[in-house]
Amino acid sequence: MFLNYFPHSFSNSQPKRLNCGPSAGCDTFAVCFFHRWRCHFVVPLLAEARFLLCPFQWFAMAGEMRAMAASQAKRLKSSNEETENQEENGHQDKRFKKSQEDVEDQNKKFPKRKIVLLMAYSGKGYHGMQRNVGSSQFKTIEDDLVSALVRSGCIPENHGEDMKKMSFQRCARTDKGVSAAGQIVSLKIWLIDDVLEKINNCLPSHIRILGLKRVTGGFSSKNKCDARTYFYMIPTFAFAHKDHDIQGETYRLSKETLEKVNKLLACYKGTHNFHNFTSQKGPKDPSAKRYIMEMYCEEPFVREGMEFAVIKVKGQSFMMHQIRKMIGLVIAVVKGYAPESIMERSWGEEKVDVPKAPGLGLVLEKVHFEKYNRRFGNDGLHEPLEWTEEEEKIAVFKEQHIYPTIISTEREEQSMLNWLSTLSIHDFNATSSGVQVNDRNSKSNDLEGSDGCDDDSDF
């Protein structure tokens, strides 16, 4: 670019040497002085040009170089200002998330492990166990649980928004109003100090975490569960014969009636086709076959002037409505509305009208992991998933939160008494069309039309 400053006669010639000796005049001496300065400081920059500048050409070039330097400085300043603005915006975002990140960074020093939590809760006022992310209309047990896990610092906030990130899985999905004394959930959390105390401090009193144990990395509380035990707390006047016995709170269950109840409940043991005990499953559907290990009614007891009994059932898994319909059919037989032969008929391909008992009183009591315990329970790294040490805490929770809620709600709403009055409209010899009509009538009196013990859910 510097060739524009020089005459063409210099472009292909050697630089001329000047007389700088004592015989030179003053003007010549000044030119020689500038010539020397130029050679020391400028020539190295213009080595490729192979010529030297005259003084006037140098001043012209220096002016252009100063203009270029000023332009470059201006661009540099603008770039720095833009960078500073970007950094300032970034700092504002960081300050906005600072408190959350501080908590998460503090807890990252703790190991993140796969664990199971033993839960107990009263389901009154909740629309079931399973969380519906993005829907705040219906409050669930998992809503309160996830909130407590985030607030206690066990999981980051984004894991609460997407539960799959913490590999969350429940053992059983309980529905609206259904309680649990031994629900198990599996998930990954930071094992912070005093973890159970901190989680419970963020939960309401009717939801408690009673135990915590480490499990294998691939553990799933739903898929690894071998069996589930539910109990159904029922007012004994539900077994009063419609023609012979007193109806109401003054009724007391006789030994003979209790034996008949247990005889009928024992019929459910083994593998049967329960397509009549659920919805949307036909008699040819293989998944309608379920294995029941035991089912029986315990001795009655009196609470607040009303007699109750507890029916326990243990099975591999249960379908929606299944337990309530199993109990409802036995009640219909004991009260004299249906013959005993209907039990066998209900397992056949024929469509049978099976009444559905109220959801109040149904409780998930315990879940079982026998196969997992045999394989990993004594491997030296993991504990067996048994809760012997927590049994006292479970019993206390039942007495404080589950039993009182069932008793008070039964007194206030009389759900069992109202349901018993609908048994007379059932036709236990009905055709398929008649069964559909009775199902619609039953659903009109049902909370959400759901059993509250659907163990077939996938996440």
Side-chain angles (χ1 to χ4, degrees), residues 123 172 174-180 228-242 251 253 257-270 272 274-279 290 292-300 307-315 317-340 342-347 352-365 402 406 409-410 414-423 426 428 438-439 442-443 445-447 449-455:
T174 57
D175 204 7
K176 180 179 179 181
V178 177
S179 301
R228 299 156 176 88
T229 296
Y230 288 83
F231 75 77
Y232 189 86
M233 187 173 172
I234 183 172
T236 58
F237 62 72
F239 298 123
H241 195 279
K242 65 182 180 68
Y251 175 82
L253 186 65
T257 303
L258 179 59
E259 289 177 353
K260 183 177 182 179
V261 170
N262 276 321
K263 177 183 176 182
L264 293 171
L265 293 175
C267 294
Y268 288 121
K269 292 174 65 176
H272 301 286
F274 285 98
H275 73 94
N276 279 312
F277 295 79
T278 188
S279 58
R290 300 295 162 120
I292 306 300
M293 301 171 183
E294 59 182 11
M295 192 169 186
Y296 59 91
C297 182
E298 296 180 339
E299 292 289 332
E307 188 178 65
F308 290 86
V310 170
I311 297 175
K312 289 192 176 182
V313 55
K314 179 181 179 181
S317 62
F318 300 92
M319 298 175 290
M320 187 175 290
H321 303 162
Q322 183 181 342
I323 294 177
R324 288 165 58 190
K325 286 201 168 194
M326 291 166 71
I327 294 172
L329 189 58
V330 169
I331 292 175
V333 173
V334 174
K335 290 189 75 68
Y337 288 103
E340 292 188 22
I342 197 173
M343 302 287 291
E344 292 281 348
R345 190 158 56 93
S346 67
W347 301 323
V352 176
D353 184 8
V354 179
K356 182 168 51 186
L360 180 66
L362 184 62
V363 178
L364 174 62
E365 183 175 48
I402 295 180
I406 294 174
T409 305
E410 178 59 39
Q414 297 185 332
S415 59
M416 179 59 71
L417 197 62
N418 293 333
W419 174 78
L420 290 173
S421 66
T422 68
L423 285 178
H426 287 268
F428 296 100
N438 287 331
D439 280 347
S442 176
K443 288 181 180 180
N445 295 322
D446 184 41
L447 295 175
S450 179
D451 190 2
C453 59
D454 183 7
D455 300 328

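Here, residue 1 is the first one in the sequence, and each next residue gets the next number. All values reported here derive from a predicted model rather than from experimental measurement.
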> I'd like to check Tyr232 versus Cys297 (side-chain heavy atoms, cut-off strictly below 4.5 Å). Are they in contact?
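Result no, sub-4.5 Å side-chain heavy-atom pair not found.
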> Out of curiosity, Arg290 CZ to Tyr268 OH, how far, rounded to the nearest 0.5 Å?
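Output value for this atom pair is 15.5 Å.
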> Check this for me: Lys242, atom NZ, are more than 12 non-hydrogen atoms of other residues, nucleotides or ligands nearer than 6.0 Å?
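Yes, the 6.0 Å shell around NZ holds more than 12 heavy atoms from other groups.
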> Roughly how far, to the nearest 0.5 Å, is OG of Ser415 from CG of Leu420?
9.5 Å
> Hey, are the side chains of Pro358 and Arg324 touching, using non-hydrogen atoms and a 4.5 Å cut-off?
no
> Provide the closest heavy-atom pair for Lys356 versus Trp419 in the form atom of the first, atom of the second, distance.
O-NE1, 2.7 Å
> How long is the span from the CZ atom in Phe239 to the NZ atom in Lys335, to the nearest 0.5 Å?
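Phe239 atom CZ to Lys335 atom NZ measures 9.5 Å (nearest 0.5 Å).
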> Can you find a heavy atom in the side chain of Leu362 that is under 4.5 Å from one in the side chain of Asp175?
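Sidechains of Asp175 and Leu362: no contact.
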> What I'd like to find out is whether the side chain of Phe318 reaches to under 4.5 Å of the side chain of Val313, using heavy atoms alone.
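Yes, their side chains come closer than 4.5 Å.
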> What is the minimum heavy-atom distance between Arg345 and Phe428, and which atoms define it?
NH2-O, 2.6 Å
> Atom CE of Met295 and atom NZ of Lys269: how far apart are they, to the nearest 0.5 Å?
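If I round to the nearest 0.5 Å, the distance is 12.0 Å.
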> Which heavy atom of Ala357 sits nearest to which heavy atom of Ile327, and what is that distance?
CB-CG2, 4.4 Å
> So Leu329 and Met343, do their side chains get closer than 4.5 Å, heavy atoms only?
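Answer yes - side chains close enough.
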> Quick check: closest heavy atoms across Leu253 and Glu307, and the distance to 0.1 Å?
N-OE1, 2.6 Å
> Determine whether a donor-acceptor pair (N or O, by modelled atom type, separation under 3.5 Å) exists between the side chain of Asn276 and the backbone of Ser346.
yes
> Can you classify the ring geometry of Phe274 versus Phe277 as parallel (below 30°), tilted (30 to 60°) or perpendicular (above 60°)?
perpendicular
> Counting C-beta onward and ignoring hydrogens, is there a side-chain heavy-atom pair between Ile331 and Leu423 closer than 4.5 Å?
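Result yes, sub-4.5 Å side-chain heavy-atom pair found.
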> Could you measure the distance from the CD atom of Gln322 to the OG atom of Ser317? Nearest 0.5 Å is fine.
7.5 Å
> Can you see which heavy atom on Ala238 is nearest to which on Met416, and at what distance?
CB-SD, 4.0 Å
> With sequence neighbours excluded, what pairs up with Lys260 under the side-chain hydrogen bond (donor to acceptor under 3.5 Å, both in side chains) test?
none
> Has Ser179 got a side-chain atom pairing as donor or acceptor with Gly123's backbone, closer than 3.5 angstrom?
yes
> Kindly compute the distance separating NE2 (His275) from CE (Met319), expressed to the nearest 0.5 Å.
9.5 Å
> Taking Val330 as the fixed residue, which of Leu264, Ile311, Asn262 is the one that meets the side-chain contact (heavy atoms from CB on, under 4.5 Å) rule?
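The side-chain contact (heavy atoms from CB on, under 4.5 Å) with Val330 is passed solely by Leu264 among Leu264, Ile311, Asn262.
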> Just so I know, are the side chains of Glu410 and Leu360 near enough to count as touching, which here means a heavy-atom distance under 4.5 Å?
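When only atoms from C-beta onward are counted, Leu360 and Glu410 do touch, with a gap below 4.5 Å.
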> What are the two closest heavy atoms between His321 and Thr278, and how far apart are they?
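In terms of heavy atoms, the two residues are closest at CB-CA, 4.3 Å.
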> Can you check whether His272 reaches Ile292 side chain to side chain, under 4.5 Å on heavy atoms?
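The answer is no, as the side chains (C-beta and beyond) never meet within the 4.5 Å cut-off.
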